Amino acid sequence: MNQKKICFITCVNDSALYDECLKYINNLNIPNGFEVETLAISDAESITSAYNKAMKTSDAKYKVYLHQDVFIINKNFIEDIIKIFNSDEKIGLIGMVGAKVIPTSAKWWEAFEKFGCVYENHTGVMKPLKFDEIKENYVEVKSVDGFLLVTNQDITWREDIFIGWHFYDVSQCVEFTLKGYKIAVPKQENPWCIHDCEFVETTGKYDVYREAFLDEYSKKIFPLVSILIPAYNKPKFLEIGLKSVLKQTYRNIEIVICDDSTNDEVENMLKPYINKYSFIKYRRNIREKEDIFLKEDDDKLRNSEGNNNAIKNFNRCLNLSSGEYVNYLMDDDVYMKDKISEMMNYYIAFDDITLVTSCRQIIDEKGNRLKDILATKKISEKTAMIEGKILKSFIFKSMINSIGEPTTVLFRKKDLAGKMFGQFDERLYYCIVDVATWIGLLSKGKAVYISEPLSKMRFHGEMRSEMLSVKILGAMEWYYLISSSLNLGILEDSEAKYSISLWLKRSKYLFDLISKQNNLNKLPIKELYKCFDKAKTYISK
């Protein structure tokens with residue numbers, strides 16, 4: 001390997017363009033002791049095969065892979081590039097524009113943070129394309145555009161997969177990263193290059209290779225997401241929901257299904273899917289006195305009031321999951337195909353998010369869209385990042401679950417901090433299990449609200465939320481949640497008084513419903529009265 005040599009490598013099918021490219025290369029300042037080589041590869045079957053051929057031909061340590069329509073206008077390009085390589089021995093690849101992370105779509109320009117600049121004319125007008133400012137000499141990124149790539153390491157291009165003219169660049173970036181090298185974009189006061197590209201194709205074969213890239217690298221570069229499905233006697237709806245998970249554009253998922261059904265219909269429906277997809281974990285629950293999936297000292301879970309089988313099943317799913325991130329799917333709900341991909345983009349890009357949710361649609365038993373209810377109306381017309389404190393305050397002031405049901409929210413498993421799903425402070429919630437969890441997550445970071453619907457919530461005749469006992473328990477749990485938040489300092493006194501006053505007004509209708517019941521033995525009436533008395537006492541202070 002010649003340490004003082006730099007080779008410029010180009011695929012050529014237009015000699016006039018390449019001649020122009022060479023003029024700029026030949027006009028560069030050459031550092032003392034260095035030599036410059038140029039290699040043109042004609043009649044190439046693919047850009048990866050051409051680059052591999054040239055890489056093996058040249059003994060230059062530094063190799064510049066550039067398109068024939070790229071003109072280097074920074075005369076000190078060679079010296080500037082070598083300085084960056086010499087500043088950190090782990091830097092193995094440099095590009096002129098790139099992204100901080102690789103988005104789940106694999107399109108680098110869809111990343112939230114992009115850096116670098118270039119003169120280019122993909123819109124038909126030649127002008128500078130500039131991204132975020134680079135404050136130091138360079139910024140570390142995960143992917144760069146392939147119009148110009150500089151390397152100081154010879155790593156084979158993936159011509160076994162990318163046999164055309166797309167995704168050679170992002171795949172090479174991943175290959176460098178997997179081998180422990182950094183990728184950099186230099187600080188450029190003015191663009192170092194002109195890219196006379198005109199129209200850039202991002203359809204047709206482009207998508208073929210984008211899918212190939214995601215198939216090859218998703219599990220290597222994106223975190224595992226666990227889709228948790230607590231199942232109970234709804235095989236028809238569950239199959240629809242399961243198919244919506246299997247259609248997700250996000251590749252790195254596992255599906256955990258814990259079946260609490262009273263018959264074999266769900267298990268029989270699932271068998272073909274379990275046999276076909278190795279990433280589906282299925283457990284048929286056997287209701288025994290001791291449950292090996294729950295700690296022996298989880299008395300709150302075993303002895304919580306009311307029917308606690310549902311919350312047990314939620315946490316069995318959670319305990320069986322291996323993913324860094326978690327999203328529940330209620331067995332009668334449905335995902336949009338890009339749900340996990342769109343949500344994960346925020347976690348990949350930002351460190352201070354603890355909850356990502358979205359607008360959701362309501363559907364009936366047949367899948368027909370229904371009108372929004374108060375809880376499903378958009379809280380923002382545009383996708384927004386919201387401070388946790390602000391969103392918590394909004395929830396308590398409205399006493400409406402605008403964040404969404406378990407199906408709606410994607411969260412990081414470790415942010416539960418060892419607590420069970422549905423546990424807030426020391427209480428385990430049964431009816432507003434989701435709200436209690438969301439308030440806990442919002443206490444630790446920011447939320448993202450995506451204004452486009454990414455899931456569908458099904459309304460049908462078997463919904464437990466319509467039972468009076470559930471309504472009463474749900475009302476009491478709202479009171480407990482407000483009180484606990486006040487005690488923990490999450491709510492200020494004035495906010496708590498507003499919320500409890502609203503709670504008193506909202507809950508009075510329950511007494512009318514109770515008065516119409518003949519059998520009150522199984523209803524927690526006494527506990528409801530206690531909550532009312534405590535609420536009135538607090539308001540009167």
Side-chain angles (χ1 to χ4, degrees), residues 9 11 44-56 63 65 67 92-95 97-111 114 140-147 149 151 153-184 200-227 245-255 276-280 322-325 337-345 347-349:
I9 298 166
C11 283
E45 294 182 359
S46 68
I47 198 164
T48 49
S49 62
Y51 283 174
N52 276 331
K53 179 179 179 181
M55 183 179 72
K56 294 172 183 176
K63 295 181 175 68
Y65 301 89
H67 294 183
L93 190 152
I94 296 173
V97 297
K100 191 72 173 178
V101 300
I102 299 175
T104 57
S105 67
K107 300 175 182 179
W108 69 264
W109 59 86
E110 291 185 354
K114 300 175 285 290
E140 188 178 344
V141 297
K142 289 298 181 184
S143 63
V144 291
D145 189 275
F147 68 82
L149 302 171
T151 68
Q153 305 291 328
D154 285 349
I155 294 177
T156 303
W157 298 76
R158 293 299 301 271
E159 64 177 294
D160 57 323
I161 299 175
F162 304 101
I163 56 176
W165 306 92
H166 301 292
F167 279 89
Y168 62 94
D169 44 7
V170 186
S171 63
Q172 190 69 347
C173 289
V174 174
E175 292 294 328
F176 267 77
T177 299
L178 293 175
K179 289 177 173 60
Y181 292 103
K182 297 178 182 178
I183 302 161
V200 178
E201 182 203 352
T202 56
T203 57
K205 288 289 186 180
Y206 176 87
D207 270 332
V208 171
Y209 293 115
R210 187 175 71 87
E211 293 294 325
F213 173 89
L214 291 171
D215 287 341
E216 175 68 16
Y217 292 111
S218 285
K219 292 182 179 180
K220 299 175 183 177
I221 64 175
F222 298 134
L224 177 65
V225 176
S226 296
I227 309 301
V245 177
L246 295 173
K247 291 178 182 177
Q248 288 299 295
T249 54
Y250 190 85
R251 306 292 207 274
N252 196 15
I253 64 170
E254 68 167 5
I255 302 171
K276 182 176 181 180
Y277 299 101
S278 61
F279 54 84
I280 296 179
S322 303
E324 182 181 350
Y325 295 86
K337 68 182 179 67
D338 293 322
K339 173 181 166 58
I340 303 300
S341 286
E342 290 198 28
M343 290 186 164
M344 279 304 299
N345 271 331
Y347 282 114
I348 290 168

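Just so it is clear, the structure is predicted and the values come from calculations on it, not from any experiment. Residue numbers count from 1 along this sequence.
Using a 4.5 Å heavy-atom threshold, the side chains of I183 and I94 count as separate. Put simply, the side chain of K339 reaches to within 4.5 Å of the side chain of Q248, judged on heavy atoms. With contacts defined as side-chain heavy-atom distances shorter than 4.5 Å, the pair E45/I163 does not qualify. Residues I255 and Y277 are not in side-chain contact: their nearest non-hydrogen atoms beyond the backbone lie 4.5 Å or more apart. Taking 4.5 Å as the limit, every side-chain heavy atom of W109 sits out of range of all side-chain heavy atoms of V97. Using a 4.5 Å heavy-atom cutoff, the side chains of V174 and I102 are in contact. A 4.5 Å side-chain heavy-atom check between Y51 and C11 finds at least one atom pair inside the cut-off. The side-chain heavy atoms of C173 and K142, taken from C-beta on, include no pair separated by under 4.5 Å.
Closest of all the heavy-atom pairs between S105 and L214 is O-CD1, 4.3 Å. Annotation for S171 and F162: closest pair CB-CE1, 3.3 Å, computed over non-hydrogen atoms. Nearest heavy atom pair, residue W108 against residue S143, reads CB-OG, 3.3 Å. For the pair T104 and F222, the tightest heavy-atom approach, listed with the atom from each and the gap, is CA-CZ, 3.7 Å. Here the closest non-hydrogen pair linking S226 and S322 is OG-N, 3.6 Å. Across all non-hydrogen atoms, the minimal contact from L178 to K220 is CD1-CD, 4.0 Å.
Between D338 and T249, the side chains place a donor N or O and an acceptor N or O closer than 3.5 Å (distance only, hydrogens not considered). Using a 3.5 Å distance cut-off with no hydrogens or angles, the side chains of E175 and Y217 do pair a donor with an acceptor.
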Discussion item. R210 vs K107, test: side-chain contact (heavy atoms from CB on, under 4.5 Å). Steps then yes/no.
Written reply: CA-CA 8 Å; R210 187 175 71 87; K107 300 175 182 179; 3.8 Å; yes
Practice prompt. Verify side-chain contact (heavy atoms from CB on, under 4.5 Å) between L246 and F279, making sure each step is shown before the conclusion.
Written response: CA-CA 10 Å; L246 295 173; F279 54 84; 3.8 Å; yes
Discussion item. Let's go through V170 and F213 carefully: what are the C-alpha distance in whole Å and the side-chain angles of both, what is the deciding distance for side-chain contact (heavy atoms from CB on, under 4.5 Å) to 0.1 Å, and is it a yes or a no?
Written reply: CA-CA 8 Å; V170 186; F213 173 89; 3.6 Å; yes
Worksheet item: Step by step, would you call I155 with Q172 a side-chain contact (heavy atoms from CB on, under 4.5 Å)?
Response: CA-CA 8 Å; I155 294 177; Q172 190 69 347; 4.1 Å; yes
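Side chain of S341 to backbone of Y250: a donor-acceptor contact under 3.5 angstrom is found.
We find the OG-CD1 distance between S218 and I253 to be 10.5 Å, quoted to the nearest 0.5 Å. A distance of 11.5 Å separates CD1 of I280 from CD1 of I227, quoted to the nearest 0.5 Å. Here CH2 of W157 is found 9.0 Å from CE of M55. Values are rounded to the nearest 0.5 Å.
Between H166 and Y206, the ring centre distance stays below 6.0 Å. Remark: aromatic rings of Y209 and W165 are distant, center separation not under 6.0 Å. Taking the six-membered ring for Trp and the full ring otherwise, the centers of Y65 and Y168 sit at least 6.0 Å from each other.
Salt bridge annotation for R158-E216: present, with a cationic side-chain nitrogen under 4.0 angstrom from a carboxylate oxygen. Electrostatic pairing of K63 and D154 counts as a salt bridge here, judged by a charged N lying under 4.0 Å from a carboxylate O. A salt bridge is absent between E342 and K337; no separation between the charged side-chain nitrogens and carboxylate oxygens falls under 4.0 Å.
Crowding of Y347 atom OH: a count of heavy atoms from other residues, nucleotides or ligands under 6.0 Å exceeding 12.
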